[in-house]
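First listed ligand is number 1; within each ligand, the first listed atom is number 1. Note that the coordinates shown come from a computational prediction; the quantities given were computed from them, not determined experimentally. Atom set for the values below is all heavy atoms of this structure, side chains included, hydrogens, waters and symmetry mates excluded.
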Amino acid sequence: MANPLYDTLFGRHAGRAAPFLHLADGKTLSHDAFLRLTARYAHALRAASLEPGDRLAAQIAKSPGALGVYAACVQSGIIFLPLNTGYTADEVEYFVTDSGAKCLLCDPARAEALRPVADGAGAVLLTLDETGAGSLPDAAAGQPDTFETTPRKADDLAAFLYTSGTTGRSKGAMLTQGNLLSNAEVLVDYWRFTEDDVLLHALPIFHTHGLFVATNIMLLAGGSMIFLPKFHIDQVVEALPRATAMMGVPTFYTRLLDDPRFTRDLVAHMRLFVSGSAPLLAETHVAFEDRTGHRILERYGMTETNMNTSNPYDGARRAGTVGFPLPGVEVIVTDPETGDELPQGETGMIEVRGPNVFKGYWNMPEKTAEELRENGFFITGDLGLIDDQGYVQIVGRAKDLIISGGYNVYPKEVEALLDDQPGVLESAVVGLPHPDLGEAVVGFLVPQADAKPDLDAIAEAAAKSLARFKHPRRLIVLNALPRNTMGKVQKNVLRDDYADLLTAK
Ligand code: MLC
Ligand code: AMP
């Protein structure tokens with residue numbers, strides 16, 4: 001095949017009048033119209049001198065055009081690098097520079113703020129907004145609506161997705177065409193998606209969940225998506241009667257359960273609800289079944305590996321577990337100290353191997369070697385076990401990571417900012433239980449002798465350089481951080497002592 005990912009997910013829909021996207025304004029885009037848009041974008045990107053293997057960093061709103069950019073990159077061999085729309089200019093600068101992106105695509109409203117970033121990195125700046133306007137569509141207007149697909153091999157790179165590092169700099173996970181395609185093929189089959197499915201899509205499309213799991217599956221199955229700009233409860237409740245399936249982070253499900261309009265009748269016709277990206281509380285699983293009669297299907301994945309395990313479609317979907325290794329994916333549990341495989345039932349480090357596992361971190365051979373073993377197993381940083389029935393359970397994380405509403409926050413990055421503020425001696429950032437987001441960020445500060453840090457000024461400094469979801473929801477001033485006898489900060493003590501901080505009514 002000339003370009004496995006393009007041909008399998010996209011190309012075979014050429015000429016198909018069947019709907020691909022149902023939009024919030026009531027309009028529908030057919031598979032064929034989407035591919036014609038894609039081809040015009042591919043021409044425009046070539047005209048902007050982007051060649052196969054070049055990186056295109058995109059910080060753009062969720063829209064059909066944004067998906068068109070992804071497809072155009074796949075068709076023309078450009079490596080797609082989607083970015084959270086919440087990232088500040090400082091954050092974007094790092095990704096553009098580190099990846100050596102040839103193009104930065106952003107919202108026209110952000111062009112002024114991001115032009116210095118593009119210029120500094122020698123990247124072309126193009127724009128696209130959620131209505132489909134901007135300099136990219138301008139350049140694409142009048143271009144042919146077919147594009148000669150660039151040949152690629154399964155091992156060629158399709159996307160870079162950045163994941164933050166526990167020790168500092170974000171790492172660009174390099175994903176190949178084969179990584180993405182193998183996972184989509186397995187999941188369509190495992191979750192029984194067909195062209196009759198209509199997926200309610202309310203996730204962002206700059207992460208694995210919304211882009212590769214949800215979108216790639218629907219492209220492969222040939223079905224359609226109700227494509228909402230974000231998870232807005234009114235829009236979701238209104239759209240559910242037209243959907244057959246929904247994918248979401250746990251916050252989607254807790255928000256639905258909090259809404260009296262979310263009834264058994266509203267979703268009686270639904271075929272499947274999938275949850276992932278963060279732990280689904282067993283109580284949410286039970287409450288959801290009590291309310292709707294549906295059992296949520298929980299699965300486990302990550303940026304570097306796409307999906308690893310899933311509860312079964314038929315058979316018991318067990319609350320508190322993430323199910324079985326997917327076909328073709330091996331999961332083992334190892335001793336975190338020695339790396340030796342542990343017997344079934346014992347808790348240790350979860351490692352995974354399979355065609356889904358990424359190629360390594362961009363320009364970081366040492367980091368890659370630390371996490372990706374020569375035998376192909378990826379060390380996930382998640383702690384868990386495989387029970388006597390073969391279900392994988394995640395019991396904790398060896399990595400210092402907060403997952404807030406499905407977004408990852410690395411405490412180190414926030415601590416570095418807090419430590420730099422006037423009057424701050426040191427800081428510790430932890431995730432505390434939050435009723436809506438699962439966990440939320442809280443910062444603990446120790447002042448320098450006789451200093452009184454200005455908490456408002458610190459919040460302002462955070463707003464300038466960090467995306468909103470990373471901002472501490474609360475800043476607490478302490479005389480000292482709890483430490484063990486080795487001098488290491490005991491974050492577990494902070495988490496225990498302040499467990500009710502964000503949940504108390
Ligand atoms: C928004 N805010 C958040 C936040 N999302 N703060 C912390 N954590 C989050 N996740 C901020 C907003 O900017 C806003 O700031 C305030 O919190 C309240 O916002 P909101 O309106 O209540 O939030 P909303 O916009 O509705 O977003 C919440 C959400 C969203 C849960 C719907 O975060 C979301 O769609 N999350 C999905 C993330 C995801 O797709 N993860 C997949 C990663 S892939 P202010 O200033 O207005 O108060 C992966 C691999 C795998 O992990 O296995 O899938
Ligand atoms: P990311 O780096 O955004 O890809 O986040 C991946 C991490 O999310 C994993 O390493 C897990 O810690 C977590 N995760 C994903 N799915 C689940 C799940 N179903 N249950 C618990 N944690 C999950």
Side-chain angles (χ1 to χ4, degrees), residues 62 82 84-87 161-166 170-171 173 175 183 187 201-214 228-236 247-256 258 274-282 284-285 296-311 318-323 349-352 356 358 371 378-384 392-410 431 434-442 459 462-463 466-473 502:
K62 181 177 177 183
N84 192 320
T85 45
Y87 286 148
L161 260 62
Y162 273 80
T163 78
S164 296
T166 37
S170 275
K171 302 168 289 187
L175 294 154
N183 217 233
L187 293 173
H201 192 306
L203 288 158
I205 53 168
F206 42 71
H207 279 312
T208 299
H209 198 161
L211 187 62
F212 300 142
V213 186
L228 302 178
K230 59 171 278 193
F231 184 92
H232 189 291
I233 190 79
D234 295 343
Q235 284 184 337
V236 171
M247 292 180 194
V249 296
T251 300
F252 285 19
Y253 296 110
T254 51
R255 286 188 181 184
L256 282 169
D258 279 346
V274 178
S275 177
S277 308
L280 182 76
L281 294 180
T284 309
H285 197 277
I296 296 175
L297 184 156
E298 187 172 9
R299 89 319 177 262
Y300 159 57
M302 50 195 310
T303 302
E304 289 92 332
T305 63
N306 287 279
M307 298 305 101
N308 298 314
T309 73
S310 170
N311 270 281
R318 292 235 182 115
T321 82
V322 291
M349 176 66 75
I350 299 177
E351 300 193 20
V352 295
N356 54 320
F358 76 139
E371 294 177 35
F378 177 65
I379 304 168
T380 61
D382 293 311
L383 299 173
V392 177
Q393 285 176 33
I394 300 174
V395 300
R397 297 178 205 130
K399 48 195 174 189
D400 192 14
L401 163 69
I402 300 167
I403 305 184
S404 178
Y407 288 145
N408 290 2
V409 181
Y410 281 83
H434 186 276
D436 182 39
L437 299 166
E439 289 180 320
V441 180
V442 172
L466 298 176
R468 172 76 182 107
F469 68 90
K470 299 178 190 171
H471 297 181
R473 297 266 158 165
L502 303 174

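Taking CG from D258 and OG1 from T251, the interatomic distance works out to 10.5 Å, rounded to the nearest 0.5 Å. Rounding to the nearest 0.5 angstrom, the gap separating the CD1 atom in I296 from the OH atom in Y253 is 5.5 Å. One finds the CD1 atom of I402 at 10.0 Å from the CG atom of N408 (value rounded to the nearest 0.5 Å). Interatomic distance, T321 OG1 to Q393 CD, rounded to the nearest 0.5 Å: 6.5 Å. A distance of 5.5 Å separates NE2 of H471 from CG of L466, quoted to the nearest 0.5 Å. We find the CD-CG distance between E304 and L161 to be 9.5 Å, quoted to the nearest 0.5 Å.
Residue contact annotation: E304 has no non-hydrogen atom under 4.0 Å from ligand 2. Not a single heavy atom of G210 sits less than 4.0 Å from an atom of ligand 1. At a 4.0 Å cut-off, at least one heavy atom of R255 sits close enough to ligand 1 to count as contact. Residue R473 places a heavy atom less than 4.0 Å from ligand 1. Distances shorter than 4.0 angstrom occur between a heavy atom of R299 and an atom of ligand 1. For G381, the closest heavy-atom approach to ligand 2 does not fall below 4.0 Å.
A heavy-atom distance below 4.5 Å is not found between the side chains of Y407 and L437. Under the 4.5 Å side-chain criterion, counting only non-hydrogen atoms from C-beta, L175 is in contact with N306. For the pair V352 and T380, the minimum side-chain heavy-atom distance is below 4.5 Å. For the pair L256/F231, a side-chain contact is recorded, criterion being any heavy-atom separation below 4.5 Å from C-beta on. Residues M307 and N356 have side chains not in contact (no heavy-atom distance under 4.5 Å, counting atoms from C-beta outward). Using a 4.5 Å cut-off on side-chain heavy atoms (C-beta onward), N183 and F212 make no contact. Inter-residue side-chain proximity for P250 and E298 is flagged as unmet; no heavy-atom pair is nearer than 4.5 Å. Inter-residue side-chain proximity for F469 and N84 is flagged as met; some heavy-atom pair is nearer than 4.5 Å.
Near E298, with a cut-off below 4.0 Å to any heavy atom, the atoms of ligand 2 are 18 (C), 19 (N), 20 (N). In the vicinity of P279, heavy-atom distances shorter than 4.0 Å reach the ligand 2 atoms 20 (N), 21 (C), 22 (N). Within ligand 1, counting atoms from 1 as listed, the ones closer than 4.0 Å to a heavy atom of T251 are 31 (C). Interface atoms of ligand 2 facing T303, defined by a heavy-atom separation under 4.0 Å, are 1 (P), 2 (O), 3 (O), 4 (O). Of all atoms in ligand 1, numbered sequentially from 1 with element shown, those under 4.0 Å from a heavy atom of L203 are 40 (O).
Among all non-hydrogen protein atoms, the one lying nearest atom 49 (C) of ligand 1 is S277 OG, 3.7 Å. Of the protein's non-hydrogen atoms, G301 O, 3.3 Å is the one closest to atom 15 (C) of ligand 2. Of the protein's heavy atoms, S404 OG, 2.8 Å lies nearest to atom 8 (N) of ligand 1. With respect to atom 21 (O) of ligand 1, the closest heavy atom belonging to the protein is K230 NZ, 3.9 Å. Remark: minimum distance from atom 41 (N) of ligand 1 to any protein heavy atom is reached at G406 O, 2.9 Å. Counting protein heavy atoms only, atom 35 (O) of ligand 1 is closest to P204 CD, 3.6 Å. Here the protein heavy atom with the shortest distance to atom 4 (C) of ligand 1 is F469 CB, 3.9 Å. Among protein heavy atoms, the minimum distance from atom 34 (C) of ligand 1 is reached at G405 O, 4.0 Å. Nearest to atom 5 (N) of ligand 1 among the protein's heavy atoms is Y407 CE1, 4.0 Å.
Residue K399 places at least one N or O, backbone or side chain, under 3.5 Å from an N or O of ligand 2. The N/O atoms of N408, backbone and side chain alike, include one that comes under 3.5 Å of an N/O atom in ligand 2. Note: an N/O pair closer than 3.5 Å links G301 and ligand 1 by distance alone. Of the N or O atoms in R468, one or more lie within a sub-3.5 Å distance of an N or O in ligand 1. Close N/O approach between S277 and ligand 2 is found [any backbone or side-chain N/O within under 3.5 Å]. Checking only distances, T163 never comes within under 3.5 Å of ligand 2, N or O to N or O. In terms of N/O distances under 3.5 Å, ligand 2 is approached by D382. Looking at ligand 1, you won't find any N or O of A202 less than 3.5 Å from one of its N or O atoms.
Contact record, H201 with G210: NE2-O, 2.8 Å, taken as the closest heavy-atom pair. Contact record, A440 with R473: CB-CG, 3.8 Å, taken as the closest heavy-atom pair.
The protein reaches atom 37 (C) of ligand 1 closely, with a heavy atom under 4.0 angstrom from it. Atom 28 (C) of ligand 1 lies below 4.0 Å from at least one non-hydrogen atom of the protein. For atom 47 (O) of ligand 1, no protein non-hydrogen atom is found at a distance below 4.0 Å. Closer than 4.0 Å to atom 19 (O) of ligand 1 lies none of the heavy atoms of the protein.
Looking at I403 against ligand 2, only its side chain comes within 4.0 Å, counting heavy atoms. Residue-level proximity to ligand 2 for I394 is carried by the side chain, the only part with a heavy atom below 4.0 angstrom. Heavy atoms of H209 found under 4.0 angstrom from ligand 1 belong to the backbone as well as the side chain. Here A278 has backbone heavy atoms under 4.0 Å from ligand 2, and that is the only part of it that gets that close.
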| said: With side chain to side chain contact (heavy atoms under 4.5 Å, CB included) as the criterion, how do L297 and S310 come out once you've worked through the C-alpha distance, each side chain's angles and the decisive distance to 0.1 Å? | reply: CA-CA 7 Å; L297 184 156; S310 170; 3.3 Å; yes
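A salt bridge links E439 to R397: one of the charged nitrogens lies within less than 4.0 Å of a carboxylate oxygen.
In this pair, F358 and F378 present their aromatic rings perpendicular. The plane angle is above 60°, beyond the 30 to 60° band.
Among M307, Q393, M302, R299, the residue whose heavy atom lies closest to atom 19 (N) of ligand 2 is R299.
Listed by chain and number, the residues in a salt bridge (charged side-chain N to carboxylate O under 4.0 Å, His left out) with D436 are R255 (sequence neighbours excluded).
Put simply, the residue from M302, R299, M247 that forms a side chain to side chain contact (heavy atoms under 4.5 Å, CB included) with S277 is R299.
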